[in-house]
Amino acid sequence: MTSATKAEAQICELELLFSMFPNELVLDDQLALAELREYVQGRTLSPPTSRVQFTIHLHLDAPNVVCTLLCAFPPNYPEELPEISTRSDALYRTQQMQLNTDLREYLRENYYGEMCILNAIEWLKDHAATYINNVVAPVEKKQTANNLKDAICTRLWIYSHHIYNKEKRKNILEWAKELSLTGFSMPGKPGVVCVEGSQSVCEEFWTRLRRLTWQRILIRHREDVALDATNGDLDAKIETFRKFTNFEEKIFDTRGSKGNHMDLGQLYQFLNESGCRDIFQLYFGVEGKSS
């Protein structure tokens with residue numbers, strides 16, 4: 001991978017992060033990003049000397065807990081790991097050190113040589129709570145959390161490197177039906193799964209799904225909408241949130257020499273018809289076009 005290719009990959013990942021976290025991401029040095037853009041555009045021949053550094057403020061499931069993710073791209077990223085660490089007032093120093101150690105080890109074992117900031121974010125969302133000191137009784141906290149989550153509508157947009165396995169495809173369909181979730185799954189490479197319903201049920205689906213063996217799977221995007229649980233039928237309000245009437249596996253025309261790539265133009269058309277066309281760019285980094 002040439003220096004220009006690495007720089008272009010860094011720009012692409014930053015643009016994706018800006019689109020997903022428009023209010024949470026803060027760029028530490030605008031000049032470093034400008035230098036990187038000039039190099040990618042060929043307006044300067046020398047690779048930039050400044051590193052792109054940024055901060056993302058993440059709101060975790062734990063009540064009132066904010067975790068700050070500090071990132072810096074070394075010149076060779078993504079061929080080497082980013083400099084990455086987390087901070088939170090809810091963490092003791094020893095917990096914070098252990099969290100950062102485990103996060104870096106996770107990235108080293110699974111995503112060395114790849115763009116991985118989104119994977120780091122998903123890992124933090126899934127695991128940070130286990131490092132945070134609990135001051136609320138576990139049973140009371142669980143009941144309160146579940147009540148709050150039932151009053152929140154969630155739509156999860158899940159990305160997988162691929163979905164081929166027939167058993168996994170069967171699990172996805174059966175679990176969605178069991179949990180009364182709507183949405184769709186698209187097998188092939190890449191694999192796409194969307195589920196929508198109450199927050200607690202969507203997270204139960206995600207917990208089951210990620211326990212399976214995957215080359216790569218993550219939540220590419222999530223939508224959470226709080227409902228007024230004190231006024232009216234909660235189930236009826238969830239129904240108005242849904243963009244899909246049921247859950248189904250979508251099979252589009254296949255592409256590629258192995259016939260394992262779905263026609264993304266048809267996927268975009270389906271998303272557009274479902275009122276979700278903006279999701280295409282979040283998944284693939286480009287604007288969609290119908291076939």
Asks: Hey, are the side chains of Q281 and V286 touching, using non-hydrogen atoms and a 4.5 Å cut-off?
Replies: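 A side-chain contact under 4.5 Å is absent here.
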Asks: Tell me if the centroids of the rings in F244 and F184 come within less than 6.0 Å of each other.
Replies: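 Ring-ring flag for F244/F184: true, centres closer than 6.0 Å.
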Asks: Sort out for me which residue in R208, R222, K125 forms a salt bridge (charged side-chain N to carboxylate O under 4.0 Å, His left out) with E203.
Replies: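 Answer after filtering R208, R222, K125: R222.
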Asks: Take F21 and I121 through the side chain to side chain contact (heavy atoms under 4.5 Å, CB included) test and state the conclusion after the steps.
Replies: CA-CA 11 Å; F21 305 99; I121 291 171; 3.6 Å; yes
Asks: Please check if any side-chain donor atom of E80 sits under 3.5 Å from a side-chain acceptor atom of Y112, or the reverse.
Replies: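 No - no donor-acceptor pair under 3.5 Å links their side chains.
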Asks: Distance from I279 atom CD1 to H221 atom NE2, nearest 0.5 Å?
Replies: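 With rounding to 0.5 Å, CD1 (I279) is 4.5 Å from NE2 (H221).
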Asks: Flag the pair W123 / L107 as yes when at least one side-chain heavy-atom distance between them is below 4.5 Å, and no otherwise.
Replies: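 No, every pair of side-chain atoms sits at 4.5 Å or beyond.
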Asks: Can E196 and K243 be counted as an ion pair, charged N to O under 4.0 angstrom?
Replies: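 Judged by the 4.0 Å cut-off on N to carboxylate O distance, E196 and K243 do not form a salt bridge.
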Asks: Hey, does the side chain of Y283 reach the backbone of I158 with a donor-acceptor pair shorter than 3.5 angstrom?
Replies: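 Indeed, once roles are kept as given, a pair shorter than 3.5 Å links the two residues.
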Asks: Does this structure show an ion pair linking R108 with E105, if we count only N-O contacts that are shorter than 4.0 Å?
Replies: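 Answer for the salt bridge query: yes.
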Asks: Measure the CE-CG distance between M20 and L282 for me, rounded to the nearest 0.5 Å.
Replies: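 So the CE of M20 and the CG of L282 are separated by 6.0 Å.
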Asks: Centre of Y268's six-membered ring, under 6.0 Å away, within 45 degrees of the axis: is that where NZ or CZ of R277 sits?
Replies: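 No cation-pi geometry.
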Asks: Looking at R51 and E83, does any basic side-chain N land under 4.0 Å from a carboxylate oxygen?
Replies: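 Result for this pair is yes, salt bridge flagged.
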Asks: So, R37 and E15, do they make that salt bridge, N to O below 4.0 Å?
Replies: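 Answer for the salt bridge query: yes.
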Asks: Answer whether the closest heavy-atom distance between the side chains of N100 and I84 falls below 4.5 Å.
Replies: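 Result no, sub-4.5 Å side-chain heavy-atom pair not found.
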Asks: Report yes or no: do R87 and T68 form a side-chain donor-acceptor pair below 3.5 Å?
Replies: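 Side chains of R87 and T68: no pair found under 3.5 Å.
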Asks: In Å and rounded to the nearest 0.5 Å, what is the CZ to CH2 distance from F205 to W175?
Replies: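 Here the rounded value is 7.5 Å.
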Asks: Aromatic rings F280 and F284: how do their planes relate, parallel, tilted or perpendicular, breaks at 30° and 60°?
Replies: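 The arrangement is tilted - the two ring planes meet at 30° to 60°.
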Asks: Kindly say whether V66 contributes a backbone atom to a donor-acceptor pair with the side chain of S88 at under 3.5 angstrom?
Replies: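 Flag set: sc S88 to bb V66 pair under 3.5 Å.
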